[in-house]
Amino acid sequence: AGCGRCALCAADVSDPGARKAGASAVSGVRRRVTAVLRLVVSIGALGFLSRQVDVAALPHVLAEAGAGALLIALVAYNCSQIVSALRWMLVARSAGFDLTARLAVRYYYIGMFLNVLGPSTLGGDIARTLYLGRERGSRVTAGATVLLDRIVGFVALATISVVASAFLGADTLPAPVRWGASVLAAV
C-alpha cells in the first residue's frame with residue numbers, strides 16, 4: 001500500500017524484523033533531516049549576524065582594544081572554562097565516575113569546540129556524554145551528569161545576574177530578564 005521504494009513501505013509488516021528495519025530507516029532519515037535543518041539554521045543565523053556587524057571595522061576594534069585587554073580576555077575565558085570543567089568533574093564523581101581533572105578539562109574543551117563550531121550547542125554535550133560513558137561507565141548516567149552540570153551552570157548564571165543587578169542598579173537588565181533570573185536563582 002506504500003510507495004514500494006523505501007524500506008518501510010517495502011517491508012512485510014507481519015515480519016517483526018522487517019518492521020524494525022523500516023523504522024530504523026525512517027529514524028536515520030529523520031536524524032539526517034534534523035542535522036541538515038540545524039546546519040541551515042546555523043548558517044542563516046551566522047549570515048544574519050554578519051549583516052548586523054560591521055566586519056570591515058573588526059580589525060580596527062581589535063587594534064583599539066589592545067593586546068593586553070585581549071590577552072586578559074583570553075585568560076579569563078580559559079579560566080572560566082577550566083572552572084566549569086572542574087565543576088562537571090565534581091558532578092561526575094558524585095555519580096560514581098572516576099573522572100580526573102585532566103580528562104574533565106580535555107572532554108570539556110572538546111565539547112566547547114563542538115558547541116562553538118557545530119550546528120547546535122548539543123553537540124558538545126553529546127560528545128562529553130559519549131567520552132565519559134565510553135571510558136568510564138554508563139552513557140545514560142554520563143548524560144545525566146552533563147545535564148545536571150548544565151542546570152547548575154544555568155542557575156549559577158541566573159544568580160550572578162541577580163547579584164550583579166542588585167549591585168549595578170535595577171535598570172541594568174530589562175525587567176523580564178531580571179524577574180526571570182530572580183525566579184531561577186530562587187529555585
Side-chain angles (χ1 to χ4, degrees), residues 27-28 30-46 48-49 53 69-170 172-187:
S27 176
R30 185 176 298 144
R31 277 194 305 265
R32 281 188 226 111
V33 167
T34 301
V36 168
L37 285 175
R38 286 180 179 166
L39 184 61
V40 167
V41 168
S42 295
I43 291 170
L46 288 173
F48 173 77
L49 288 175
V53 174
L70 294 175
L71 181 62
I72 290 171
L74 182 65
V75 168
Y77 175 78
N78 279 291
C79 286
S80 74
Q81 296 309 304
I82 291 169
V83 167
S84 294
L86 296 176
R87 180 189 66 215
W88 175 54
M89 178 193 71
L90 293 174
V91 172
R93 284 183 176 178
S94 72
F97 290 97
D98 184 27
L99 183 62
T100 64
R102 182 175 184 211
L103 278 178
V105 170
R106 180 179 181 191
Y107 296 162
Y108 205 87
Y109 270 93
I110 290 169
M112 289 305 300
F113 175 80
L114 293 172
N115 282 346
V116 170
L117 296 178
S120 80
T121 59
L122 292 178
D125 292 345
I126 292 169
R128 287 195 292 153
T129 298
L130 293 177
Y131 275 111
L132 182 62
R134 179 188 69 194
E135 293 186 19
R136 306 289 183 207
S138 166
R139 286 186 177 156
V140 172
T141 307
T145 68
V146 172
L147 178 63
L148 183 57
D149 175 61
R150 278 284 192 151
I151 292 168
V152 168
F154 189 69
V155 170
L157 188 59
T159 303
I160 289 169
S161 67
V162 168
V163 170
S165 181
F167 282 105
L168 299 174
T172 306
L173 297 172
V177 173
R178 195 172 54 248
W179 284 105
S182 298
V183 168
L184 286 173
V187 172

Visitor: Contact between Asp149 and Thr145 at the side-chain level, heavy atoms closer than 4.5 Å - yes or no?
Guide: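 Not in contact.
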Visitor: Parallel, tilted or perpendicular for Tyr108 and Trp88, by the 30°/60° rule?
Guide: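 Because their plane-to-plane angle lies in the 30° to 60° range, the rings of Tyr108 and Trp88 count as tilted.
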Visitor: Please find the pair of heavy atoms, one from Leu132 and one from Ala92, that lie closest to each other, and give the distance.
Guide: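 The pair with the smallest heavy-atom distance is CD2-CB, 4.0 Å.
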Visitor: Are Phe97 and Thr141 side-chain neighbours, meaning at least one heavy-atom pair lies under 4.5 Å?
Guide: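 Contact flag for Phe97/Thr141 side chains = yes.
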Visitor: Can you tell me how far CG of Asp125 sits from CG of Asn115, rounded to the nearest 0.5 angstrom?
Guide: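 Asn115 atom CG to Asp125 atom CG measures 5.5 Å (nearest 0.5 Å).
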Visitor: List the residues meeting side-chain hydrogen bond (donor to acceptor under 3.5 Å, both in side chains) with Tyr109, not counting sequence neighbours, and say none if there are none.
Guide: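 So Tyr109 forms a side-chain hydrogen bond (donor to acceptor under 3.5 Å, both in side chains) with Asn78.
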Visitor: With a 6.0 Å cut-off (strictly less than), is the heavy-atom count around CZ of Arg93, excluding the residue itself, greater than 12?
Guide: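 Enclosed.
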Visitor: Contact between Arg128 and Ile110 at the side-chain level, heavy atoms closer than 4.5 Å - yes or no?
Guide: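 Side chain of Arg128 against side chain of Ile110, heavy atoms only: no contact under 4.5 Å found.
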Visitor: For Gly133 versus Ala142, what's the shortest heavy-atom pair and its separation?
Guide: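 It is N-CB, 3.6 Å.
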Visitor: Please report the shortest heavy-atom distance between Thr100 and Met89, naming the atom on each side.
Guide: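 So the two residues come closest at C-SD, 3.7 Å.
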